[in-house]
There are 2 protein chains.
Amino acid sequence: MNMESPVTESPQVLVTRLAEAARAAQRVVALMSDAQKAQALKAAASTLRDDETAILAANKRDLEAGEAKGLSGAMLDRLRLDGARIAAIADAIDQVAVLADPVGEVIDRCERPNGLVLSRVRIPIGVIGIIYESRPNVTADAAALCLRSGNAVLLRGGSEALHSNRAIHAAMVRGLESAGVPAATIQLVPTQDREVVGAMLTAAGLIDMIVPRGGKSLVARVQADARVPVLAHLDGICHTYVHPSADPGMARAIANNAKMRRTGICGAMETLLLDVQFSDSVALVGELLDAGCELRGDARARALDPRIVAASEEDWDTEYLDAILSVAVVDGLDTAIAHIAAHSSHHTDAIVTGEDPAAERFLAEVDSAIVMVNASSQFADGGEFGLGAEIGIATGRLHARGPVALEGLTTYKWQVRGTGQTRP
Amino acid sequence: MNMESPVTESPQVLVTRLAEAARAAQRVVALMSDAQKAQALKAAASTLRDDETAILAANKRDLEAGEAKGLSGAMLDRLRLDGARIAAIADAIDQVAVLADPVGEVIDRCERPNGLVLSRVRIPIGVIGIIYESRPNVTADAAALCLRSGNAVLLRGGSEALHSNRAIHAAMVRGLESAGVPAATIQLVPTQDREVVGAMLTAAGLIDMIVPRGGKSLVARVQADARVPVLAHLDGICHTYVHPSADPGMARAIANNAKMRRTGICGAMETLLLDVQFSDSVALVGELLDAGCELRGDARARALDPRIVAASEEDWDTEYLDAILSVAVVDGLDTAIAHIAAHSSHHTDAIVTGEDPAAERFLAEVDSAIVMVNASSQFADGGEFGLGAEIGIATGRLHARGPVALEGLTTYKWQVRGTGQTRP
């Protein structure tokens, strides 16, 4: 497909054409062996490295357009590629290539009294739609994960990264085709027409799952408009509760890391719950304030340190993604669990405690995708969980939850082997 | 809740109130032990038996209203209860009570190099909405499966079964409450206002999953309007392909059983694909015709028997649910797989063959929820699969596929146990 060709079709016709081509290609890759898919990904990593010059030139076009449009320095930095970043993108593809292939795994097997043998076997989901914003590396990461798990993918990136995405896509497709993977396995939507996003979101039966990768407004729009199943998290309002039995040093270290290591990631702590019986709260909040974190507290929290400002009701439901933290003093484990039930986005919530019964109650009763004991919520990440790269983190309740990687890109079929059985 | 009270709230307010009560009750049952839930279900089966007289009286009101409304004999039969049917409903609850509890199962567990111990633990989905039609037994079956897996349920049955459903619900709740299960765990929507169905379908965040149980028009409406994830199958256009190597007697027996055992179930064969090289096609179609099945064939099929009428293009995409079968003669396995890819509803498709390579290719390449070798597609059933009762059969590609029972009513959480780890 010539990515520069003007698109004259309606969004629905375009998405139907792309999705049907993806479905045909997916039928081929669904039957490819582990080794074939791994080899194809290594080839794509290699052609991506070969195209460094072309990719940097395309990225330069995007950066110049972005500066002209007045993009923020942060957005330009997310957009910017250099030799090291391209090498990192290629290395990430190589890392996906060596991940275990989930396709074909027999989930379970049983023989019925009538002799029928039933197996549940893992298969690819089919055609995945990825809707993302400015980071060009998502083009390569998402494509690699989808292919590794036998899926085809429709990639719809942000207009600010248009040329970078096209160059990365073209380089990967050349490598994949050299290894026998149909080009339509990985397609970049050839227009920035926003109506195409709407057409993708409603393409039930053509696209099997949509994964939005980007800011809250993008994810909210996708969740609101989609008829296709969506794998996503809207936000990460993550809590850390410090139990009276917590080791003070551990509590200080975890609170600091959970908030301040990187304030902009979805696993960053946004609300700190300090038990009224915890003895070291003054030092703990003092360290956060000294580290440059703004604390917004309830009345009892403000009594811990005059630098703590008053929290409003909205603060308990706010994902700051910044060096800001809401702090409440709570009366025991039950109050902490109730606060989390009322305000958590069910992404990641943690307890710091020295008592196993409190830890086990927290793990059992807090209903979030990830629940942690004595660890920083910033560990909420597919790589840290040993999944390899992740396609996203899901806070929905169906299919896959928490960090989602290859297994979350698969489903299963029932295989029934008989010897002529008929049903009485 | 007094089921006879007039409902004056708006549908959205009503669904919000019911769903929030369900969520609170679900938090209680989510933490109940296997034994507590089993005991509660046995108590509900027992109170259901105790209330036989009241349930039969309520059912009589529904039957009289149905006759007055001129319901068909088939609908009246689906609606009709008697002592034996009530005993069967109670027995089914007892059978669910003894099924293994999926909640708390550790799906997998690993220790990371930094010492973090990760476990994926099965938990209930939360609040399930069931939207169903005339069979009153669904009230008890669905409620039992949802509670067994730690979920709360909102039941919205058909108006024709209103009094029967209310009597069954009241009997079950009395038993459940006697065993410490909150009444709001199982709620019957207290109005037949059709707008309430729309409010349930759009109650994202309040209801976690909707399961429609009924005819194609109900399922289609649910799938079209739902914002809440839906577990369903729209139809079962099931194929049986007879390979040249098939044992003639086995092929005749399977074809007959797959079509004629019960023509109205979703696993019934709707299209028969006869390989042009199969030697016994004349006898096979002759048996179906002699059994009273109407056959609609392509030109080569019609040449097998003059009683076969011409199939139209729509026939290949039609679920008859009747003694009607479309028949095509195909040139080999690839043609059969291509026909199924083009026309199957991806519910259940089968091959009859004497050759393992053909069987394994069919199992690998046919992309349906259930693929079968040398067995009748009428085995597509949770009971036959050893799952106990089923909440439904799903043809979607996410979460659960094929017959869905207790496991499909659960999701998982990640539990992370640390010793003070912070992320570098």
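Just the heavy atoms: all of them, side chains too, but no hydrogens, waters or symmetry mates, feed the values below. In what follows, every chain begins at residue 1, and chains take the letters A, B, ... in the order their sequences are listed.
Most heavy-atom pairs under 4.5 Å with chain A, from the set D247(B), L116(B), I351(B), V352(B): that is L116(B). Counting heavy-atom pairs closer than 4.5 Å to chain A, the top-ranked of the candidates A380(B), A400(B), G408(B), P229(B) is A400(B). Listed options R27(B), H346(B), R262(B), R227(B) were ranked by heavy-atom pairs under 4.5 angstrom with chain A; first place goes to R227(B). Each of I254(B), V121(B), N256(B), V230(B) has some count of heavy-atom pairs under 4.5 Å with chain A, and the biggest count is that of I254(B). Highest contact tally toward chain A, considering only L231(B), L118(B), L398(B), is held by L398(B) [criterion: heavy-atom pairs under 4.5 Å]. With chain A as the partner, the residue from A369(B), S376(B), G402(B), P424(B) showing the most heavy-atom pairs under 4.5 Å is A369(B).
For A30(B), no part sits under 4.5 Å from any heavy atom of chain A, backbone or side chain. Residue contact with chain A, scored on non-hydrogen atoms closer than 4.5 Å, involves the side chain of N257(B) exclusively. For N114(B), the part sitting under 4.5 Å from any heavy atom of chain A is the side chain, from C-beta outward, and nothing else. At a 4.5 Å heavy-atom cutoff, the contact between T422(B) and chain A is made by backbone and side-chain atoms alike. A341(B) touches chain A through backbone and side chain together, each having a heavy atom under 4.5 Å away. Using a 4.5 Å cut-off between heavy atoms, I125(A) touches chain B through backbone and side chain atoms alike. Residue P403(B) touches chain A through both its backbone and its side chain, counting heavy-atom pairs closer than 4.5 Å. For chain A, the nearby parts of M372(B) are the backbone and the side chain; heavy atoms of each come within less than 4.5 Å. If you measure heavy-atom distances from A224(A) to chain B, the contacts under 4.5 Å come from the backbone alone. Heavy atoms of R417(A) lying under 4.5 Å from chain B belong to its backbone as well as its side chain. Contact annotation for E360(A): only side-chain heavy atoms (C-beta onward) come within less than 4.5 Å of a heavy atom of chain B. Looking at V366(B), only its backbone comes within 4.5 Å of chain A, counting heavy atoms on both sides. Heavy-atom distances place no part of E111(B) under 4.5 Å from chain A, backbone and side chain included. Within the 4.5 angstrom heavy-atom criterion, only backbone atoms of S368(A) (N, CA, C, O) approach chain B. With a threshold of 4.5 angstrom between heavy atoms, A253(B) approaches chain A through its backbone and through its side chain.
Here the CD atom belonging to E384(B) is positioned 10.5 Å from the CD atom belonging to Q421(A), to the nearest 0.5 angstrom.
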Check the pair I123(B), R397(A) against side chain to side chain contact (heavy atoms under 4.5 Å, CB included), reporting the backbone distance first and the verdict last.
CA-CA 10 Å; I123(B) 61 169; R397(A) 301 191 66 83; 3.8 Å; yes
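A distance-only check finds no donor-acceptor pair linking the side chain of K413(B) to the backbone of R401(A) [under 3.5 Å]. Although no hydrogens or angles enter the test, the distance criterion places no donor-acceptor pair under 3.5 Å between the side chain of W414(A) and the main chain of T348(B).
The side-chain heavy atoms of F379(A) and V416(B), taken from C-beta on, include no pair separated by under 4.5 Å. Residues L31(A) and E365(B) have side chains in contact (heavy-atom distance under 4.5 Å, counting atoms from C-beta outward). At least one side-chain heavy atom of D381(A) sits less than 4.5 Å from a side-chain heavy atom of R423(B).
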